[in-house]
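Within every chain, numbering begins at 1; the chains are lettered A, B, ... in the order of the sequence lines, protein sequences first and strands thereafter.
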Protein chains: 4
Amino acid sequence: MQDLPNGHRVRIRRRGADKHPLILKAARELVAQSGFREAQMTAIADAAGIAIGTLYRYFPSKTELMIEVVKSAAQREVEVVAGIAMRDGAACEKLGAAAWTFASRALRGRRLAHALVAEPVEPDVESARLTYHRALSRVFKTIIEQGITEKAFPAQNAAASADCIVGCLFEGLVVPLSNEAAEASTSLSAHATAIITFCLRGVAGQMLSFPPPSAA
Amino acid sequence: MQDLPNGHRVRIRRRGADKHPLILKAARELVAQSGFREAQMTAIADAAGIAIGTLYRYFPSKTELMIEVVKSAAQREVEVVAGIAMRDGAACEKLGAAAWTFASRALRGRRLAHALVAEPVEPDVESARLTYHRALSRVFKTIIEQGITEKAFPAQNAAASADCIVGCLFEGLVVPLSNEAAEASTSLSAHATAIITFCLRGVAGQMLSFPPPSAA
Amino acid sequence: MQDLPNGHRVRIRRRGADKHPLILKAARELVAQSGFREAQMTAIADAAGIAIGTLYRYFPSKTELMIEVVKSAAQREVEVVAGIAMRDGAACEKLGAAAWTFASRALRGRRLAHALVAEPVEPDVESARLTYHRALSRVFKTIIEQGITEKAFPAQNAAASADCIVGCLFEGLVVPLSNEAAEASTSLSAHATAIITFCLRGVAGQMLSFPPPSAA
Amino acid sequence: MQDLPNGHRVRIRRRGADKHPLILKAARELVAQSGFREAQMTAIADAAGIAIGTLYRYFPSKTELMIEVVKSAAQREVEVVAGIAMRDGAACEKLGAAAWTFASRALRGRRLAHALVAEPVEPDVESARLTYHRALSRVFKTIIEQGITEKAFPAQNAAASADCIVGCLFEGLVVPLSNEAAEASTSLSAHATAIITFCLRGVAGQMLSFPPPSAA
DNA sequence: TATGAATGAGACTTCATTCAT
DNA sequence: AATGAATGAAGTCTCATTCAT
């Protein structure tokens, strides 16, 4: 036995493919398709093309698997957005770019994004989801603090402002995605622009032009 | 069968008390106490002091009942906040007051607020929950539009800004409530102030003093 | 809700037969037939002619049901033997009669007796089984103490002697029953007589004639 | 395939260590530690430091392995006790010594002793366990018969008396061990003395002084 | 020969819903 | 109209055994 880098305690496996990512992928796709509710262990095993017992070789319980699903999906989002925060450049521009990046990614991968934000889960998974929110918030907080230091933004409670940005993005972009009817992407894009404009005003305390980057 | 004014399709009942509100109240309290997960039909019937069979005379399914729970709980919140929007006064003040009212109500009734925002539900209930978000957003939109008309606020996408406010309030206040550990109410209150300040800046595009009303 | 005399916390049931004894009987028969191992909840429900869900209305878990099975079966045995201890008469005679009664009952109901003595169970059920052993032992202890008082038996550790009697009866009579091949009842009867004779010698410290009662 | 002298039917193995005893040892230790319930095949293979597939090369099924475990553990106990029966000396003293030896070994190795006496098993393993009881009984029978021949003991059904002794020792010493709470070893020792005294009286039909040997 | 990943039958339990009384 | 016992589909998890490498 040993602790693997991915944090799971499993027997050492020498031969055969590690089905961990395979299962995670299948689970994530099921969740992305129909939400947590439809992601039964049997369905996940079927989707992964393995037996239910094999699934339990890699994940000790459904809860653990769902936590991994949330963590892995969330981690990716946070990484991308965090990458922007680390760039050189004005806080104001980075803030807009980070928000826009998150928004455009959420507009794709609708169902999964929604699952990461507002869908029914049990307490332990909820906790992992909350961690995602907080991680995302920290990225924005970092940018805001830089802006305050640079005098680009007025003094403010950076943590609260960051929470607000996350809330704006979720409520403005992700929650509407839950109803299946996909709106025209142009109107969604315009909506995203309005949302981000609001966030920038909230942080900067003044009107800022917000030119959405051409690349999503 | 007929459609009643209150929108419910029930069998005509001539004698005896209408147990509809009784059941709704019991269900709402159970959800407020322990969330949707713990609100089994049997438990609701017990709490209402009626038989499970009777419950099914008034609600055709658990889904329908939960939709009613969300609607009724949401309606109350919306009404209170809408009441503030209808007042005379400057848009700016009303905006702060409405936000603060929502916030303080959410800080009480944590569990219910959380259930209305982020808890696991099935698609049909999710839909009712979304309607609540939209209704709340409309209230803020009305205030913002008034403010734009009065030149108190700059021109903006009022609907998007309203969504943002709702998002800020939910993300900033309700989601953190999901972890059982109740923080000190003073820090929560300070947090609420920071959140609302952000919202006002986002709408007004400038620093606004935000004096929270003494009464909630 | 209320605590019923049988110690189970169930909803008050007004109409319909109380299926508690029906289930217990079915479970006991299954155990008597094939032991604990074969007594799956589904099989018990089938045997009782009810649905699995109904079974769980009356017993919260398999463990609880098995504990009841052990307790109810054991209680009956202890009661019968205890009845003899309460009679008037010489300790010596009562001791023989009690042992013989237990023995003859064990010779009938073989499988169940074996389950009560030596069969595989989980810890909680094991505990109930141990209680049975101790209760039976206490009956013999009472008789022995009476005999010591009456100077019929020498001074001795009555509790230990009682345990020994229980052990003799179990090992001598019940354990051999576990192999399906039923021996001739005459030889079993003779064996029982030899066992009980040993016990009487062990208690009395001298040779005692032991005339088995004609009635079983 | 062939039947080996040790009674095992195994494939002929020419090279490499015979892992039979290794596996048996691991299995026995696991059973001794946590009982049959916790002795899963995988756990046994792990404990033996071999692969599960290898385990199945030596034992065709779990049942077979458990039978071997019971047999081997039992054999050791029987051998030790039988060694005493083979000594020179008075039957009476040997009887006490044999009983005391068994008792003191049971007081150590509690869990294994309990598994050998009263733990949940399937029919085939049960059968092996019964064989152990009978073998132990035969040892005592031998001693008793010697005593009868020597006129040290009165005429009696030696087989039945021997069964009784086994029953006394099991019921008096092993069964109480099943509850985890380890009693003070002094009280256990006193209890063992009382049990053995009873057995001696049962066999000899008179009060005998029983001086427990100092060494176990 | 050895390995150990994979298998899947089967066990327990929950809870929304029905229907005879 | 009211009752609540009964139902059983469905979901999670375990572990003895197999077989390709």
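- Whole-Å rounding puts the I44(B) CD1 to dG4(F) C1' distance at 16 Å.
- Counting all heavy atoms, side chain and backbone alike, L112(D) lies closest to A32(D) at CB-CB, 3.8 Å.
- Put simply, CG on L55(A) is 16 Å from C1' on dC15(F), counting in whole angstrom units.
- When the P atom of dA16(E) is taken as reference, atom CD of E38(B) falls 11 Å away, rounded to whole Å.
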Audit row: R129(B), E126(B), salt bridge (charged side-chain N to carboxylate O under 4.0 Å, His left out) steps and yes/no: CA-CA 5 Å; R129(B) 206 160 63 178; E126(B) 176 69 21; 2.6 Å; yes
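- Proximity of D18(B) to Y58(B): side-chain heavy atoms (C-beta onward) are separated by under 4.5 Å at one or more points.
- Counting only distance, with no hydrogens or angles, the side chain of K62(C) and the backbone of A39(C) share a donor-acceptor pair below 3.5 Å.
- Comparing T54(C) and G49(A), the nucleotide of DNA chain E nearest to each residue sits closer to the 5' end for G49(A).
- Residues T131(C) and V70(C) have side chains not in contact (no heavy-atom distance under 4.5 Å, counting atoms from C-beta outward).
- Contact of the L65(A) side chain with the M41(A) side chain is registered, since non-hydrogen atoms from C-beta on lie closer than 4.5 Å.
- You'll find the side chain of V31(C) reaches within 4.5 Å of the side chain of M66(C), heavy atoms only.
- A side chain to side chain donor-acceptor pair (under 3.5 Å) check over residues 22-33 of chain A, counting only residues at least two apart or in different chains, returns the pairs K25(A)-E29(A), R28(A)-S72(A).
- Atom P of nucleotide dA16(E) and atom OH of Y58(B) are separated by 20 Å, given to the nearest angstrom.
- Straight-line distance from the CZ atom of R37(C) to the P atom of dC12(E): 12 Å, rounded to whole Å.
- Side-chain contact between F59(A) and H20(A) is present, with heavy atoms from C-beta onward closer than 4.5 Å.
- Side-chain nitrogen and oxygen atoms of K19(B) include none within less than 4.0 Å of the OP1 or OP2 phosphate oxygen of dA1(F).
- Remark: DNA chain F forms stems of 3 or more consecutive Watson-Crick or G-U wobble pairs, all pair distances under 3.5 Å, at E:2-21 with F:2-21.
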Summary of protein contacts for nucleotides 9-14 of chain F, nucleotide by nucleotide, where a base hit scores B, a sugar-phosphate-only hit scores S (4.0 Å, heavy atoms): B-SBBB
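- Rounded to an integer number of Å, the gap from CZ of F59(D) to C1' of dT18(F) is 19 Å.
- Ranking dT3(E), dA5(E), dT3(F) by closeness to the R57(A) side chain, first place goes to dA5(E).
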